[in-house]
Amino acid sequence: MTATNDGAIRTRFAPSPTGDLHVGTAHTALFNWLFTRHHRGTVVLRIEDTDRKRLVERSLGGIPEALAWLGIDWDEGPEVGGPYGPYFQSERKEIYLEYAERLIAGGHAYYCFCSPERLARVREERANLPTKYDRHCRDLSPAAIAAARAAGITPTVRFKMPLEGQVTFTDAIRGEITFDVRNLEDAILIKSDGYALYHFANVIDDKLMAISHILRGEDWIPSAPLHLLLYRAFGWEMPLIAHTQLLLGPDRKKLSKRHGATSIQEFRDNGILPEALVNYLAIIGWSWDDKTEIFSRDELIAKFDLDRVKPSSAIFDHQKLEWMNGHYINHLLTLDGLTARALPFLAGAGLFPRGAPAPGTPEYDYLTSVLALEKERIKRLTEIPEAVAYFFSDEIAYTQDVLVSKKQKLTPEIALAALPRARETLAAGDVADEADTEARLTALAGELGLKRGQLFMLIRAALTGRTATPGLFALMRVLGQERCLARLAAAESWLREHRQAAAD
RNA sequence: GCCCGCAUAGUCUAGUGGCCUAGGACGUCACCCUUUCAAGGUGAAGAUCGCGGGUUCGAAUCCCGCUGCGGGUACCA
């Protein structure tokens, strides 16, 4: 990339607060952020809230919060301020008006008094034509303008699109793209409510905020020529521009709510780690080589650049994200890190009615040893409360099928004979010693004429009420001697009580 | 309709004229490990590189045409 004028790279992400932060928007924001951090430039966050009708109040705070959660920070914008503010477009209304006047004075824009109804009609009449608006007000006489104003009509301001010629710009990801202006509209710049439209506010702000590189979604390509022409009308140079790929749903359509979870907030609530999501988003549309795909944040910053960004759209693969999330949980997060992430989910499930355990306490140590056992089989943080439940509650809900595994060829008789012997065997030692416990239980299995697996499964079920758990001896070590003995007894009496029912 | 973009296995990708009998990853299947479930290891299936023409001794890679898919076409962003 070549830098502009002063050599300083300045980029922006410009979400509009119309809802939660969409994962596609986050993808573009991430590319902006990685590109800028790589080049030690300045990141600007600008809130494009010119559409007052679609404004969703909670997203004003929610979007910056979601970005921060992802670890995408900004040097200028809401919360941090900066020399080019305000960073909310709704507070820049007057600026746009002023620049619109300039355009009109220079003959590059005009007032349009057409009513929405007329516009709708004309659009229908010209349905098959490249431009929908018939430029009715483009050359209104001063008298006609005065008359319309006197009639109380508040006009919009439209751009006076050149009538012929071609516009070409170079996209840093896609190369040259050319449009014929005959296919371009006299776009509205200022709405009749006085607010600027996206295209206009965007161009003015990028210029005023000294943005050097524009990175945005592919869906903006069709409006790029308008933006370029706007820059030209003001006599400004256009920033370098690049259009990133779109994120698609399984049906190859632009990713949206109907494809499932699409907001960053939902990913967080669904137990996805921000570092996993960032890593996954980074490798969709960008690659470093033919095999690496796990990158730390710092590696991403060090390696990311536009020359390895692909132009083609990509289907968002929840399955691969989930795999990567599991990989982070199991292999990349420290135990303390995982514990910290798990705590809110555990608390949410009501596991700590008296408050979450603090590091250094026995409760905290117990929790980390539990998580150490479960982390390799967990893909999302949301799975944790259910996975660790039996470590925190002694009320095990037994069932006949689980306790007396048919698959292991167990019967209530065998179980009732084995359970008390297992208890005796355990009582004679200490489950803190895994190898010793295993040796003694293996010997017991022999005495009882059972296979190791049969006895182990019976004990597993008695201790946890489940057939799928971490390794039996590690599990016993964490559970502790006392709990193990108590649960063996509990399973035995449960079985005795329910034996009759099973026999029927 | 018109304009624009994209095109390597189900999905994400590597590849810029010979290193490609097309590499990696997710997913799928099998085997190994094993007390269960995972994790891990090994391996397999899966792509006539969208199609058709060229250029070249040689093309996934260059050229032309076609097709498919997507995006845009608002006083939304």
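In the text below, chain A, chain B and the rest are named by the order of the sequence lines, each starting its count at 1. Values in this document were obtained by computation on a predicted structure and should not be read as measured data.
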Nucleotide rC4(B), atom C1' - distance to CD of E185(A) in whole Å: 15 Å
Would one find a side-chain N or O of R252(A) under 4.0 angstrom from OP1 or OP2 of rU11(B)? yes
Mind checking if K253(A) touches a base, just sugar-phosphate, or nothing, with heavy atoms under 4.0 Å? sugar-phosphate
Students often get this wrong, so: under 4.0 angstrom with heavy atoms, is S312(A) touching a base, only sugar-phosphate, or nothing? sugar-phosphate
Check every atom of rG40(B), rG71(B), rC26(B) against the side chain of P222(A) and return the nucleotide holding the closest atom. rG71(B)
When rounded to the nearest Å, what value does the distance between P atoms of rU16(B) and rA59(B) take? 16 Å
Distance under 6.0 Å and angle within 45° of the ring axis: does R158(A) meet both against Y133(A)? yes
Nearest-angstrom distance, P atom, rU11(B) to rU48(B): 12 Å
Closest-nucleotide ordering on RNA chain B, the 5'-leading residue of P130(A) and D307(A): P130(A)
Please classify the nucleic acid contact of R52(A) as base, sugar-phosphate, or nothing, using heavy-atom distances under 4.0 Å. nothing
Checking contacts here: which listed nucleotide (rC4(B), rG23(B), rU35(B)) is nearest the side-chain heavy atoms of F473(A)? rU35(B)
What nucleotide among rU35(B), rC6(B), rU36(B) has an atom nearest to a side-chain atom of L472(A)? rU35(B)
Select base, sugar-phosphate, or nothing to describe what G471(A) touches, counting heavy atoms under 4.0 Å on all strands. base
Indicate whether any N or O donor in one side chain lies under 3.5 Å from an N or O acceptor in the other, for D219(A) and H243(A). no
For H331(A), report the nucleic acid contact type (base, sugar-phosphate, nothing); a contact means any heavy atom under 4.0 Å. sugar-phosphate
Please classify the nucleic acid contact of Q245(A) as base, sugar-phosphate, or nothing, using heavy-atom distances under 4.0 Å. sugar-phosphate
With both distances kept under 3.5 Å, what pairs with rG70(B), Watson-Crick or G-U wobble? rC4(B)
What is the base-pairing partner of rG17(B), counting Watson-Crick and G-U wobble geometry with both distances under 3.5 Å? none
Could you check how far NE2 of H227(A) sits from C1' of rG72(B), rounded to whole Å? 12 Å
Any L426(A) side-chain heavy atom under 4.5 Å of L441(A) side chain: yes
Interatomic distance, L226(A) CG vs rC4(B) C1' [rounded to whole Å]: 14 Å
Starting from the C-alpha separation in whole Å, work towards a yes-or-no answer on salt bridge (Lys or Arg N to Asp or Glu O under 4.0 Å) for E434(A) and R477(A). CA-CA 7 Å; E434(A) 287 184 42; R477(A) 187 199 78 231; 2.4 Å; yes
Closest to side chain of I284(A), choosing from rA7(B), rC12(B), rG23(B): rC12(B)
For a ring-ring contact (aromatic ring centres under 6.0 Å, His included) with F304(A), tell me which candidate from W286(A), W33(A), F35(A) qualifies. W286(A)
Under a 3.5 Å limit on both distances, the Watson-Crick or wobble mate of rG46(B) is none
Side chain of W323(A) only, heavy atoms from C-beta on: which candidate in rG27(B), rU35(B), rC12(B) is closest? rG27(B)
Of the listed nucleotides rG5(B), rU36(B), rA25(B), the one nearest the side chain of I221(A): rG5(B)
For residues T469(A) and R460(A), is any side-chain donor paired with an opposing acceptor at under 3.5 Å? yes
Mind calculating the distance between CG (L332(A)) and P (rA39(B)) to the nearest angstrom? 15 Å
Checking only heavy atoms, does the side chain of K132(A) share a donor-acceptor pair with the base of rA74(B) at less than 3.5 Å? no
Searching all strands shown, indicate the nucleotide that pairs with rG40(B) (Watson-Crick or G-U wobble; both distances under 3.5 Å). rC32(B)
Would you kindly compare L184(A) and L321(A) by the position of their nearest RNA chain B nucleotide and give the one closer to the 5′ end? L184(A)
Please report the distance separating the P of rU55(B) from the corresponding atom of rU61(B), rounded so that it comes out in whole Å. 15 Å
Whole-Å distance, H259(A) NE2 to rU11(B) C1', equals 14 Å
Closest nucleotide among rU13(B), rU35(B), rG24(B) to the K310(A) side chain: rU13(B)
Both distances below 3.5 Å, Watson-Crick or wobble geometry, any strand: find the nucleotide opposite rG52(B). rC64(B)
Can you check the H318(A) NE2 to rC12(B) C1' distance for me, whole Å? 14 Å
Is rA25(B) paired to anything, Watson-Crick or G-U wobble with both distances less than 3.5 Å, and if yes, which nucleotide? rU11(B)
Quick check for you: among rU13(B), rC4(B), rA39(B), whose closest atom lies nearest to any side-chain atom of N330(A)? rA39(B)
Y280(A) six-ring centre to K320(A) NZ/CZ under 6.0 Å and within 45° of normal: no
NA contact type, T178(A), heavy-atom cut-off 4.0 Å: base, sugar-phosphate, or nothing? sugar-phosphate
Measuring to OP1 and OP2 of rG15(B), would you say a side-chain N or O of R308(A) lies under 4.0 angstrom away? yes
Using a heavy-atom cut-off of 4.0 Å across all strands, would you classify A127(A) as base, sugar-phosphate, or nothing? base
Atom CG of D290(A) and atom P of rA14(B) are separated, to the nearest Å, by 10 Å
Return yes if the base of rU35(B) and the side-chain atoms of R460(A) contain a donor-acceptor N/O pair under 3.5 Å, otherwise no. yes
With a cut-off of under 6.0 Å to the ring centre and 45° to the axis, is R149(A) in cation-pi contact with Y111(A)? yes
Is it the case that Q245(A) and S312(A) place a side-chain donor and acceptor less than 3.5 Å from each other? no
Specify the separation, in whole Å, of atom CD of E386(A) and atom P of rC37(B). 17 Å
How is L129(A) classified with respect to the nucleic acid when contacts are heavy atoms under 4.0 Å: base, sugar-phosphate, or nothing? base
Select one nucleotide: of rG1(B), rC6(B), rC2(B), the one nearest the side-chain heavy atoms of N183(A). rC2(B)
Hey, what are the protein-to-nucleotides 75-77 of chain B N/O distances that come in under 3.5 Å?
{"unit_1": "rC75(B)", "atom_1": "O2", "unit_2": "S192(A)", "atom_2": "N", "d": "2.7"}
{"unit_1": "rC75(B)", "atom_1": "O2", "unit_2": "S192(A)", "atom_2": "OG", "d": "2.8"}
{"unit_1": "rC75(B)", "atom_1": "N3", "unit_2": "S192(A)", "atom_2": "OG", "d": "2.9"}
{"unit_1": "rC75(B)", "atom_1": "N4", "unit_2": "C114(A)", "atom_2": "O", "d": "3.3"}
{"unit_1": "rC76(B)", "atom_1": "OP2", "unit_2": "K191(A)", "atom_2": "NZ", "d": "3.4"}
{"unit_1": "rC76(B)", "atom_1": "O2'", "unit_2": "D51(A)", "atom_2": "OD2", "d": "2.4"}
{"unit_1": "rC76(B)", "atom_1": "O2'", "unit_2": "R54(A)", "atom_2": "NE", "d": "2.8"}
{"unit_1": "rC76(B)", "atom_1": "O2'", "unit_2": "R54(A)", "atom_2": "NH2", "d": "3.0"}
{"unit_1": "rC76(B)", "atom_1": "O2", "unit_2": "R54(A)", "atom_2": "NH1", "d": "3.4"}
{"unit_1": "rC76(B)", "atom_1": "O2", "unit_2": "R54(A)", "atom_2": "NH2", "d": "3.1"}
{"unit_1": "rA77(B)", "atom_1": "OP1", "unit_2": "T50(A)", "atom_2": "OG1", "d": "2.6"}
{"unit_1": "rA77(B)", "atom_1": "OP2", "unit_2": "Y198(A)", "atom_2": "N", "d": "2.9"}
{"unit_1": "rA77(B)", "atom_1": "O4'", "unit_2": "R54(A)", "atom_2": "NH2", "d": "3.3"}
{"unit_1": "rA77(B)", "atom_1": "O2'", "unit_2": "S16(A)", "atom_2": "OG", "d": "2.6"}

Using only heavy-atom distances, determine whether the side chains of N270(A) and T382(A) contain a donor-acceptor pair under 3.5 Å. no
ring-ring contact (aromatic ring centres under 6.0 Å, His included) between H227(A) and Y231(A), intermediate numbers included: CA-CA 6 Å; H227(A) 301 168; Y231(A) 280 99; 7.8 Å; no
